[in-house]
Amino acid sequence: AQALSQKLSSLAWQGEKKSVAIIGGGLSGLACAKYLADAGHTPLVLEARDVLGGKVSAWQDEDGDWIETGLHIFFGAYPNMMNLFAELGIHDRLQWKVHKMIFAMQELPGEFTTFDFIPGIPAPFNFGLAILLNQKMLTLQEKLQTAPPLLPMLIQGQDFIDAQDELSVLDFMRKYGMPDRINEEVFISMAKALDFIDPDKLSMTVVLTAMNRFLNEDNGLQMAFLDGNQPDRLCAPMKAHIEARGGEVRLKAPVKEIMTNEDGSVSGLLMRDGTVIEADVYVSAMPVDIMKRMTPKRWAKMPFFRQFDELEGIPVINLHMWFDKKLNTIDHLCFSRSPLLSVYADMSTTCKEYFDDEKSMLELVFAPCSPLAGGNVNWIAKTDEEIIDATMGELARLFPTEIANDDRWPATKEQGPKGQARLIKFAVVKTPRSVYAAIPGRNKYRPSQETPISNFVLAGDWTSQKFLGSMEGAVLGGKLAAEVIADKALGRPTNGLKAVQPDIVTAAESYEAK
Ligand code: FAD
């Protein structure tokens, strides 16, 4: 991560400087602009909305409470993200939590169990020990049966990991004889936390990739919360950095169309207000589902762009629930292990800006949200009230002594019937297409940042890089896009185009644009 940053800033005084128009002001577009500015180029970020951040965007409601698109956790094993915080001089904004993983006990309401990482023990032994020391989730026999199928990951590394992409987590478990309870105890919560989908749908490569990153670094699995909302605490310093070096970040600037010349190269960006923006190079940092719609007709039969048909964003819902009193919660992320919910945190405890010692605000990720992701209920199409009702049912089941669900919100009494906390306010944020659905066999279709179009480059968490659809993947995707542009500007060789799969090449030949 650091080497790539250094390479880009060392290019600042060399070669021809390019103007670069970047579509999308999420973390990937902003990272691309930041590293282009470091390399001496002039980026212009065009963000459609009135807020930066895309999937990390947040806004204030009429009471001044922050509403976030997603509950976001940073990991020690996010090298590009950590580097970015250091480069911006804002690393003190990460609130690191004790190095452990906390799981709610399904069968023991109100109780938690932990994987504790003992300080001073190096990776991967600290992870092994954390699992061995936990007595509540798996028996010794189950632990011993789980380890051997995972060993090739440590020995063969990425080749073994990539080769498992055709298998779902459940397929992998069955193939290697892992006990079913590992799924219920560990993989369901892991799959939902990583990609908002169930393990029978998720590619095993995703689980192995995450484990491999976490296992290779002593603090890989240590988690941090940002100390406040992402647009102010992370995106604003990125914008300031870009603008201090001659770039620009524009809000409320939706791009309507990518215009092309007869040879297929980009001639300009048609904005929704009818103006046209011209630059030397163009970058899409849009999510894959939007990029599919925006692909110019002239490129439609090119195999590179037909790869996008194989990728699709997964739905997810982020909930904020304010209670009338402080819950007995933990200063950390919790894995709910409930069928409806993924991870959650009491933000009134975990996050400095949202701190409140009288009332709790739980932020929860609701997943899976559609049959594509698992289960058979299309939650993403349900009303906010239906989603909150179902969540309250789950919370009352998981924490019966703390949360009451026997009366409807908003709270009309001071507190619940048995002194439990009651819901006083909620906010539901639906993202119908979030990170790409990492179902089996998708990795090979993730495109390189370099494209066959000479003046068009891709960024975004879904482009090919060794991290998943995540904040780290978004930053790395943007940084790699900047590297392509910086190398080309100097006439240097790039990392090259990623090969397109033969099935896509065949499909592209017979493709008829609709
Ligand atoms: P986006 O954030 O989608 O940015 C794309 C931008 O392009 C948007 O701002 C959009 O408005 C803009 N745009 C689109 N079309 C146009 C147009 N025509 N003109 C101009 N602009 C346009 N990751 C983690 O690492 N840890 C977590 O704990 C985590 N939790 C998550 C929880 C939830 C609920 C969600 C939804 C995501 C979570 N993620 C997490 C994933 C992470 O947020 C994303 O991977 C990352 O933010 C994606 O960044 P991006 O820049 O690639 O895309």
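Every number for a ligand or one of its atoms is a count from 1 in the order of the listing.
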Nearest protein heavy atom to atom 16 (C) of ligand 1, by residue and atom, and its distance?
Met286 SD, 3.7 Å

Report yes or no: is the cationic atom of Arg213 (NZ for Lys, CZ for Arg) under 6.0 Å from the centre of the six-membered ring of Phe467, at an angle within 45° of the ring normal?
yes

Check for me whether the distance between the ring centres of Phe115 and Phe103 falls short of 6.0 Å.
yes

Determine whether Leu46 and Ile22 make a side-chain contact, defined as any pair of heavy atoms from C-beta on separated by less than 4.5 Å.
no

Numbering as shown, the atoms of ligand 1 that approach Gly469 to under 4.0 Å (heavy-atom distance):
45 (O)

Contact partition for Leu71 relative to ligand 1, non-hydrogen atoms under 4.0 Å:
backbone

is_close_aromatic(Trp322, Phe426), centroid dist under 6.0 Å
no

So is Tyr78 close enough to ligand 1, meaning a heavy atom under 4.0 angstrom away?
yes

Mutual orientation of the aromatic rings belonging to Phe117 and His99 [parallel < 30°, tilted 30-60°, perpendicular > 60°]
parallel

Heavy-atom pairs closer than 4.0 Å: do any link ligand 1 to the side chain of Leu30, the backbone, both, or neither?
neither

Could Asp165 and Arg446 be called an ion pair, given the rule that one side-chain N must be under 4.0 Å from one carboxylate O?
no

Would you mind telling me if ligand 1 is within reach of the side chain of Val365, the backbone, both or neither, using heavy atoms under 4.0 Å?
neither

Using a 4.0 Å heavy-atom threshold (strictly under), name the region of Ala459 that reaches ligand 1: side chain, backbone, both or neither.
neither

Gap between atom OG of Ser57 and atom CG of Leu52 - 0.5 Å precision
9.0 Å

Tell me whether Gly477 reaches ligand 1 (any heavy atom closer than 4.0 angstrom to a ligand atom).
no

Looking at Phe214 versus Phe75, is the centre-to-centre ring distance below 6.0 Å?
yes

Of all the atoms in ligand 1, which lie at a distance below 4.0 Å from a heavy atom belonging to Pro254?
19 (N)

Checking contacts here: is it the side chain or the backbone of Asp461 that comes within 4.0 Å of ligand 1, counting heavy atoms only? Could be both or neither.
both

Ligand 1 versus Arg49, non-hydrogen atoms closer than 4.0 Å: side chain, backbone, both, neither?
side chain

Between Ala58 and Val51, the two heavy atoms sitting closest are O-CG2, 3.6 Å

Hey, is CG on Asp63 packed in by over 12 heavy atoms from elsewhere, all under 6.0 Å?
yes

Would you mind checking which non-hydrogen protein atom is closest to atom 7 (O) of ligand 1, with the distance to 0.1 Å?
Gly24 CA, 3.3 Å

State, with a plain yes or no, whether a side-chain heavy atom of Lys352 is found less than 4.5 Å away from one of Gln95.
yes

Less than 4.0 Å between a side-chain N and a carboxylate O, is that true for Lys444 and Glu310?
no

Examine Tyr282 together with Phe456 and report whether their ring centres are nearer than 6.0 Å.
no

Taking 4.0 angstrom as the limit and counting only heavy atoms of Ser28, give me the atoms of ligand 1 inside it, by number and element.
50 (P), 51 (O), 52 (O)

If you measure from atom 22 (C) of ligand 1 to every heavy atom of Ser470, Ala253, Ala48, which option wins on shortest distance?
Ala48

Residue Gly460 vicinity, atoms of ligand 1 by number, heavy atom under 4.0 Å
52 (O)

Just to be sure I read this right, does ligand 1 sit under 4.0 Å from the backbone of Ser57, its side chain, both, or neither, counting only heavy atoms?
neither

At the 4.0 Å heavy-atom cut-off, does Gly473 count as touching ligand 1?
no

Which ligand 1 atoms does Ile290 reach within 4.0 Å, using its non-hydrogen atoms?
14 (C), 15 (N)

Taking atom 23 (N) of ligand 1 as the reference point, the nearest protein heavy atom with its distance
Met471 N, 3.4 Å

Nearest candidate to atom 40 (C) of ligand 1, where distance is taken over non-hydrogen atoms, out of Arg272, His72, Lys55
His72

Between Trp462 and Phe308, is there a side-chain heavy-atom distance shorter than 4.5 Å?
yes

Before accepting this row, confirm whether a basic side-chain N of the pair Lys34/Asp38 lies closer than 4.0 Å to the acidic partner's carboxylate O.
yes

Any N/O pair Thr69/ligand 1 closer than 3.5 Å
no

Please confirm whether Phe74 approaches ligand 1 to less than 4.0 Å, judged on its heavy atoms.
no

Which atoms of ligand 1 sit under 4.0 Å from any heavy atom of Val56?
43 (O), 47 (O)

Report, in ascending order of atom number, the atoms of ligand 1 lying under 4.0 Å from any heavy atom of Gly54.
2 (O), 4 (O), 8 (C), 9 (O)

Decide, yes or no, whether a salt bridge links Asp61 with Lys425 under the criterion of side-chain N to carboxylate O below 4.0 Å.
yes

State if Val316 counts as touching ligand 1 under the rule of any non-hydrogen atom under 4.0 Å.
yes

Side chain, backbone, both or neither: which part of Ile73 has a heavy atom under 4.0 Å from ligand 1?
both

Which one holds for Phe196 and ligand 1: side chain close, backbone close, both close, or neither close, with close meaning a heavy atom under 4.0 Å?
side chain

Which atoms of ligand 1 are found less than 4.0 Å from any heavy atom of Gly53?
2 (O)

